[in-house]
> 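Okay, handing you the structure first.
Convention: sequence-line order gives letters A, B, ...; per-chain numbering from 1. Since the structure is predicted, the reported quantities are computational estimates derived from the model, not experimental observations. Note: hydrogens, waters and symmetry copies are ignored here, and every other heavy atom, side chains too, is used.
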2 protein chains.
Amino acid sequence: MQLSKQVSQSANIQCYEQLRDKILTGELAGGTKLVEERLAEDMGVSRTPIRESIRRLEQEGLIKNKRVVKPGDEELRHIFEVRMLLEGFSARCAANYLDEATMARLQDCIDRAFAGTYEETMDANKSFHDLIVEASRNPEIVKIIDRMQSIVYLFRKAVVFYKRPMLIEEHQHILDAIRARDADGAERLMKQHLQADLDFYLHLPREAKL
Amino acid sequence: MQLSKQVSQSANIQCYEQLRDKILTGELAGGTKLVEERLAEDMGVSRTPIRESIRRLEQEGLIKNKRVVKPGDEELRHIFEVRMLLEGFSARCAANYLDEATMARLQDCIDRAFAGTYEETMDANKSFHDLIVEASRNPEIVKIIDRMQSIVYLFRKAVVFYKRPMLIEEHQHILDAIRARDADGAERLMKQHLQADLDFYLHLPREAKL
DNA sequence: TTTAATAAAATTGTATACAAAAATGAATTT
DNA sequence: AAATTCATTTTTGTATACAATTTTATTAAA
C-alpha cells in the first residue's frame, strides 16, 4: 500500500488546470491569442498536452478559435437561460426528494457564506448550487452545468466582489422552500435568484465586468 | 448531424465522422474497446487525429474510457429529461416568436415525414426538432442538443423503424399550438411528445434496442 | 495611396519515436 | 485451486520532426 500522494498528475491535466486558472484569474486577458508553442514553452511541456487542454477549454467555451473568450452580455444571458431551466428543475427535484442530511449541508453552505471571507463565500455559494444540481440525480444535467462552470466562475467572482444584496438570503429562501417540500416554490425561487444574479451583473459598470 | 457527409478536408474531421458513423451504424458494437493504433491503421492515418476524434466522441458520450458506449435505459432517461426541458422551452419560444416562413418549413417537415421513405422520415423528423431548437435563439441550447445528437440518432432510428404510432401526428399538434401562439400548449405537447418517444423505446424488446 | 500578388514567417496539423503506465499472463507460493 | 509476484506485452502519454496551412510582410502595379 502506498501512502505517498500523487503529487504530479499527468501533464495533460496540469496544463488544463494551469491554463484555465490563468484565464479565470485574468492573467490571460480576454481576446489574447493562444499560440501552442509559446504556451508549451511557458509551461515546460511539449505542444501535445497543450493542444488537448485547448480543445477541452474550447468545449467549455473559455477559448474560441485560439482566442481567450471574454463572454459578452448576450452569451451570459444565454448561459443563464440554460441554468434557469436546469437548476430550476433541480431545485424542484430537491424539494421532492432531498434527504435531511443534504439539507443540513445546504444550510451549512448558507451559514459559511454569511460568515466567511470573500473566497469562502464564493466557495460556499458554489457548493450550494452544486448540491442542488446533484439533487436532480441526473448525470447529464450535472455534466452540462459543470461544463459551464468555468464561465460562471468568472461571473460569480464579480457578483460576490461587488456584494449583490440579498444573494445569500435568496439561497435561504430556496432552502426553506425545499424544506417545506414546495416544489413549485423552489423552482420559481431558483429561477428568480438566477435572474437577479444576471440582472445585477449586467448593470455593473463596464470596467467591473470580468 | 448526418451519416456519410461529403468528404471533409482535415484528417481530424474525417476520422471523427468515420468513427462516429461506425458506432452509429453498429459496425463498432457497444462495449468494443478502441485501440488507437488499430483504428489509425484501419483508417490509414496516424494516431494523432484518431486521439482527437476519440476525445470529441467522449465529450458527446459515444465513447467512455476507450469503450464504445451502448447507452442503457437509465442514460436515455437522463438525456430525455434534458431534452424535455430544453426543447420544451424552445417550443414555447417558437410559439412566442416564430415567423411564418419557418412555420411553413416545419409543416414541410411533417409532410415529408408522412410521405417519405424510412430514411427521409428520419431526416424530416430530425429537421423538425432542429428548427424548433433553433427557435430558442439560444446558441448554448443548440450546442447542448447538438452534443447529444449522436446518441439521440441511435435512438431515433429504432423509434422510426418500429413505427411508433402517432409520432408525426404529434409533430402536427405541436405546430398547431405554435401557429395558435399557444406557448403553454406548445411546451406541454413537446414534453409529452418526447416522453411518449422515450416510453415507446423503453418498451421495445431488448433485441430491438440500439 | 491603394490594391494585388507573392514571398517569408508563423502557426497549426499530422506522423513518428520513445517513455510511462496499464494490462496480461506465467511462475511461485500458500 | 487461489492468490501473489514479477516479467512481458500492449496501450497510452508525451516529445519531436516535418508538412500543410494560414498569417504577415513586402513589393509591384493600378
Side-chain angles (χ1 to χ4, degrees), chain A residues 1-23 27-70 143 146-147 150, chain B residues 1 4-23 27-70 143 146-147 150:
Chain A
M1 183 173 285
Q2 295 213 354
L3 296 179
S4 65
K5 215 176 169 183
Q6 274 210 342
V7 165
S8 67
Q9 284 181 323
S10 66
N12 188 342
I13 294 174
Q14 257 181 275
C15 286
Y16 162 74
E17 290 177 351
Q18 213 177 325
L19 197 48
R20 184 199 56 191
D21 291 352
K22 276 186 181 172
I23 293 173
E27 188 179 330
L28 281 169
T32 308
K33 192 165 116 194
L34 297 179
V35 177
E36 294 173 4
E37 204 171 5
R38 183 152 148 36
L39 293 172
E41 189 161 3
D42 283 359
M43 301 190 185
V45 296
S46 82
R47 275 174 55 210
T48 312
I50 295 285
R51 295 192 107 231
E52 305 207 337
S53 302
I54 288 179
R55 288 284 148 88
R56 182 157 164 207
L57 289 163
E58 272 171 347
Q59 283 286 338
E60 292 177 4
L62 233 44
I63 293 176
K64 211 160 274 177
N65 51 319
K66 318 287 164 189
R67 290 213 133 87
V68 176
V69 163
K70 179 183 152 73
K143 225 191 303 174
D146 201 58
R147 262 201 215 103
S150 294
Chain B
M1 195 233 13
S4 33
K5 244 179 183 171
Q6 54 191 350
V7 179
S8 309
Q9 309 81 355
S10 71
N12 188 344
I13 293 173
Q14 252 182 277
C15 286
Y16 161 75
E17 289 177 352
Q18 211 176 325
L19 198 47
R20 183 199 57 191
D21 290 355
K22 277 185 181 172
I23 294 173
E27 188 180 330
L28 280 170
T32 308
K33 193 165 115 194
L34 299 178
V35 177
E36 295 173 3
E37 204 172 5
R38 183 151 149 35
L39 293 172
E41 190 161 2
D42 284 359
M43 302 191 185
V45 297
S46 81
R47 275 174 57 211
T48 312
I50 295 284
R51 294 192 108 231
E52 306 208 337
S53 302
I54 288 179
R55 288 284 147 88
R56 183 160 165 204
L57 289 163
E58 273 172 345
Q59 283 286 337
E60 290 177 6
L62 233 45
I63 293 177
K64 211 161 274 179
N65 49 319
K66 319 287 163 189
R67 290 213 133 87
V68 175
V69 164
K70 177 180 154 71
K143 225 191 302 175
D146 201 59
R147 262 200 215 104
S150 293

> Check G30(B) against K70(B) and note the closest heavy-atom contact, atom names and distance.
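Closest approach of G30(B) to K70(B), heavy atoms only: CA-CB, 3.9 Å.
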> Tell me which residues in residues 37-47 of chain A put a heavy atom below 4.0 Å from DNA chain D, sorted by number, or none.
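When residues 37-47 of chain A is checked for heavy atoms under 4.0 Å from DNA chain D, the hits, listed by number, are V45(A), S46(A), R47(A).
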> I want to confirm an ordering. Mapping L34(A) and T48(A) to their closest nucleotides on DNA chain C, which one lands closer to the 5' end?
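The residue mapped nearer the 5' terminus is L34(A).
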> Going 5' to 3' on DNA chain D, which nucleotide is the first and which the last to come under 4.0 Å of a heavy atom in chain B?
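The contact span of chain B on DNA chain D goes from dT11(D) to dT14(D).
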> Looking at residues at least two apart in the chain, or sitting in another chain, which of them share a side chain to side chain donor-acceptor pair (under 3.5 Å) with D42(A)?
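Applying side chain to side chain donor-acceptor pair (under 3.5 Å) to D42(A) gives R38(A).
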> V45(B) and A11(B): which non-hydrogen atoms are nearest, and at how many Å?
CG1-CB, 4.3 Å
> Going by side chain to side chain donor-acceptor pair (under 3.5 Å), name the residues that satisfy it together with E52(A), two or more places apart in sequence or in a different chain.
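Partners of E52(A) by the side chain to side chain donor-acceptor pair (under 3.5 Å) criterion, ordered by chain and then number, come out as N12(A), R51(B), R55(B).
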> Do L28(B) and I23(B) have side chains that approach each other closer than 4.5 Å (heavy atoms only, starting at C-beta)?
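They are in contact (side-chain heavy atoms under 4.5 Å apart), so the answer is yes.
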> With sequence neighbours left out, which residue pairs that include part of residues 11-23 of chain A fulfil the salt bridge (Lys or Arg N to Asp or Glu O under 4.0 Å) condition?
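Matches after skipping sequence neighbours: none remain.
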> Strictly below 4.0 Å, heavy-atom distances to any atom of DNA chain D: list the hits from residues 49-68 of chain A, or just say none.
P49(A)
> Check nucleotides 20-24 of chain C for protein N or O atoms closer than 3.5 Å to its own N or O atoms and list the pairs.
none

> Under the rule for salt bridge (Lys or Arg N to Asp or Glu O under 4.0 Å), what residues qualify as partners of K143(A), not counting sequence neighbours?
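Partners of K143(A) by the salt bridge (Lys or Arg N to Asp or Glu O under 4.0 Å) criterion, ordered by chain and then number, come out as E140(A).
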> Return the set of residues passing side-chain contact (heavy atoms from CB on, under 4.5 Å) with E41(B) (not counting sequence neighbours), or none when no residue passes.
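Testing E41(B) for side-chain contact (heavy atoms from CB on, under 4.5 Å), a comparison that skips the adjacent residues, returns none.
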> Looking at residues at least two apart in the chain, or sitting in another chain, which of them share a side chain to side chain donor-acceptor pair (under 3.5 Å) with E60(A)?
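If we apply the side chain to side chain donor-acceptor pair (under 3.5 Å) test to E60(A), skipping adjacent residues, the hits are Y16(A), S150(A).
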> Sequence neighbours left out, what passes side chain to side chain donor-acceptor pair (under 3.5 Å) with Q59(B)? Give chain and number order.
R147(A)
> Looking at every heavy atom in both S53(B) and L19(B), which two are closest together, and how far apart are they?
CB-CD2, 4.3 Å
> Is the shortest side-chain heavy-atom distance between I54(B) and L39(B) below 4.5 Å?
yes
